[in-house]
Amino acid sequence: MHPVEALANTLRPDRGWKEHLSGEFCQPYMKALAEFLAEEESAGKVLFPDSKHCFNALNSTPLGNVRVVILGQDPYHGPGQAHGLCFSVRPDVPPPPSLVNIFKEIESDLGIVPPDHGCLQPWAEQGVLLLNSVLTVVQGQAGAHQGKGWETFTDRVIETVNRKGDGVVFLLWGNYARKKGRHIDRSRHLVLEGPHPSPLSSYRGFFGCKHFSRANEWLREQGHAPVCWALPSKADLDADY
């Protein structure tokens, strides 16, 4: 099996994405990306997340269910952290600093006490597309797979949501996310921009942005159900997470 076919097979056909994105797997950039990833693995490099979670954001949030999009940059590069959802970590991994700050803002905005874990899978299953711009990374090497083709693919994902979505909220934190979302149709969707929640920039306006309550207010106005930003306790999470 060609590497690009193996990659394409991890995208579930029942989520609505494949019919709009299948053409990307025929493009030269995607073939080159798949071959690059296969070469990285053949060279003994450890890639995160594992291949079954590469498209976890798309597989967890069907296109027709997308209500909110949160854009990240690339996966966490520490062992056991990344599982294909931006800002999220597996239940047994302590929440990284940016996620801790996201939880602090939710508590300030909505009065929701931070959970005892950092797994955002329940958000994804409610219609929050947790999309990184780059979907793989090498262990211990932040940004190792930037500029290899993932950015083009995730641009197509954003274009698809922009075109097919109905009154979606885009949360763009930091300059990188703002640039990636620059072509979103703001006459049809709500775009909320602010500083990145990292410790370096969170005090420049991320804290106090109230993006979570504003997103829910917009969704209600559009006739959509709001997102429940409260996460279940670690003990109550699905065992498959």
Side-chain angles (χ1 to χ4, degrees), residues 14-17 20 56-72 84-88 95 98-133 154 157-174 176-197 202 204-233 236-238 241:
D14 62 339
R15 297 310 204 190
W17 296 103
H20 299 285
N56 192 23
L58 302 179
N59 289 337
S60 297
T61 310
L63 174 58
N65 292 359
V66 176
R67 290 183 280 163
V68 176
V69 178
I70 298 178
L71 292 182
L85 305 177
C86 74
F87 293 107
S88 179
S98 291
L99 183 54
V100 169
N101 286 340
I102 289 171
F103 290 151
K104 285 181 180 178
E105 174 57 23
I106 290 174
E107 182 174 24
S108 172
D109 187 11
L110 295 169
I112 296 171
V113 176
D116 58 352
H117 62 88
C119 180
L120 305 183
Q121 189 76 34
W123 288 1
E125 294 175 1
Q126 286 187 72
V128 181
L129 181 64
L130 297 165
L131 182 69
N132 275 317
S133 176
T154 52
V157 173
I158 295 169
E159 290 167 8
T160 300
V161 176
N162 182 52
R163 187 176 68 253
K164 304 297 291 186
D166 176 26
V168 175
V169 181
F170 290 83
L171 303 183
L172 309 181
W173 300 326
Y176 188 92
R178 286 199 290 270
K179 289 177 183 176
K180 194 163 181 69
R182 63 188 179 276
H183 297 307
I184 296 165
D185 183 353
R186 299 176 187 226
S187 69
R188 296 177 52 241
H189 306 293
L190 176 65
V191 178
L192 298 176
E193 299 182 351
H196 195 276
S202 56
R204 299 174 188 166
F206 177 78
F207 289 138
C209 68
K210 298 188 179 298
H211 281 182
F212 303 94
S213 61
R214 291 170 65 187
N216 277 351
E217 181 180 359
W218 165 268
L219 291 171
R220 291 188 187 97
E221 290 172 354
Q222 304 306 306
H224 303 316
V227 174
C228 178
W229 297 107
L231 290 163
S233 69
D236 291 333
L237 284 175
D238 190 306
Y241 295 169

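Residue numbers start at 1 and run along the sequence shown.
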(request) Output yes when a side-chain donor or acceptor of Arg15 lies under 3.5 Å from a complementary backbone atom of Leu58, and no otherwise. (result)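 No: the side chain of Arg15 does not pair with the backbone of Leu58.
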Partner set under side-chain hydrogen bond (donor to acceptor under 3.5 Å, both in side chains) for [X], not counting sequence neighbours:
X	result
Arg178	Asn175
Gln222	none
Trp173	His211
Ser60	Asn56, Gln121

Distance in Å, [X] [atom1] paired with [Y] [atom2], rounded so as to fall on 0.5 Å steps:
X	Y	atom1	atom2	result
Cys228	Gln126	SG	CD	5.5 Å
Arg214	Leu171	CZ	CG	9.5 Å
Ile102	Ile70	CD1	CD1	6.5 Å
Lys179	Leu172	NZ	CG	13.0 Å
Leu219	Glu217	CG	CD	10.0 Å
Ile158	Leu131	CD1	CG	6.0 Å

(request) Could you tell me how the ring of Phe206 sits relative to the ring of Phe212: parallel (under 30°), tilted (30 to 60°) or perpendicular (over 60°)? (result)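 Ring orientation, 0 to 90° scale: perpendicular.
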Give the minimum heavy-atom separation between [X] and [Y], together with the two atoms involved.
X	Y	answer
Thr61	Ala124	OG1-O, 2.7 Å
His196	Ser98	CE1-OG, 3.6 Å
Ser202	Asn101	OG-ND2, 3.4 Å
Gly16	His20	O-CD2, 3.2 Å
Val161	Phe170	CG1-CZ, 3.7 Å
Lys180	Leu71	CB-CD1, 4.3 Å

Test side-chain contact (heavy atoms from CB on, under 4.5 Å) applied to [X] - qualifying residues, sequence neighbours left out:
X	value
Pro115	Phe103, His117, Leu231
Asp116	Ser233, Lys234
Leu190	Val169, Leu192, Trp218
Asp166	His224

(message) With side-chain contact (heavy atoms from CB on, under 4.5 Å) as the criterion, how do Val66 and Trp17 come out once you've worked through the C-alpha distance, each side chain's angles and the decisive distance to 0.1 Å?
(response) CA-CA 11 Å; Val66 176; Trp17 296 103; 3.9 Å; yes
(message) For residues 181-195, which residue pairs pass the side-chain hydrogen bond (donor to acceptor under 3.5 Å, both in side chains) check, not counting sequence neighbours?
(response)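 Matches after skipping sequence neighbours: Asp185-Ser187, Arg186-Glu193.
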(request) List in chain and number order the residues that pass salt bridge (charged side-chain N to carboxylate O under 4.0 Å, His left out) with Asp236, two or more places apart in sequence or in another chain; answer none if no residue qualifies. (result)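 Counting only residues at least two positions away or on another chain, Asp236 forms no salt bridge (charged side-chain N to carboxylate O under 4.0 Å, His left out).
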(request) List in chain and number order the residues that pass salt bridge (charged side-chain N to carboxylate O under 4.0 Å, His left out) with Glu159, two or more places apart in sequence or in another chain; answer none if no residue qualifies. (result)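 Result, salt bridge (charged side-chain N to carboxylate O under 4.0 Å, His left out) vs Glu159: Arg156.
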(request) For Trp229 and Asn216, run side-chain contact (heavy atoms from CB on, under 4.5 Å): C-alpha distance rounded to whole Å, both residues' side-chain angles, the deciding distance at 0.1 Å, then the answer. (result) CA-CA 10 Å; Trp229 297 107; Asn216 277 351; 3.4 Å; yes
Sub-4.5 Å side-chain heavy-atom contact between [X] and [Y]:
X	Y	answer
Ser88	Trp123	no
Leu129	Val168	no
Leu237	Pro122	yes

(message) Run the ring-ring contact (aromatic ring centres under 6.0 Å, His included) test against Tyr176 and tell me which residues pass, sequence neighbours left out.
(response)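 None.
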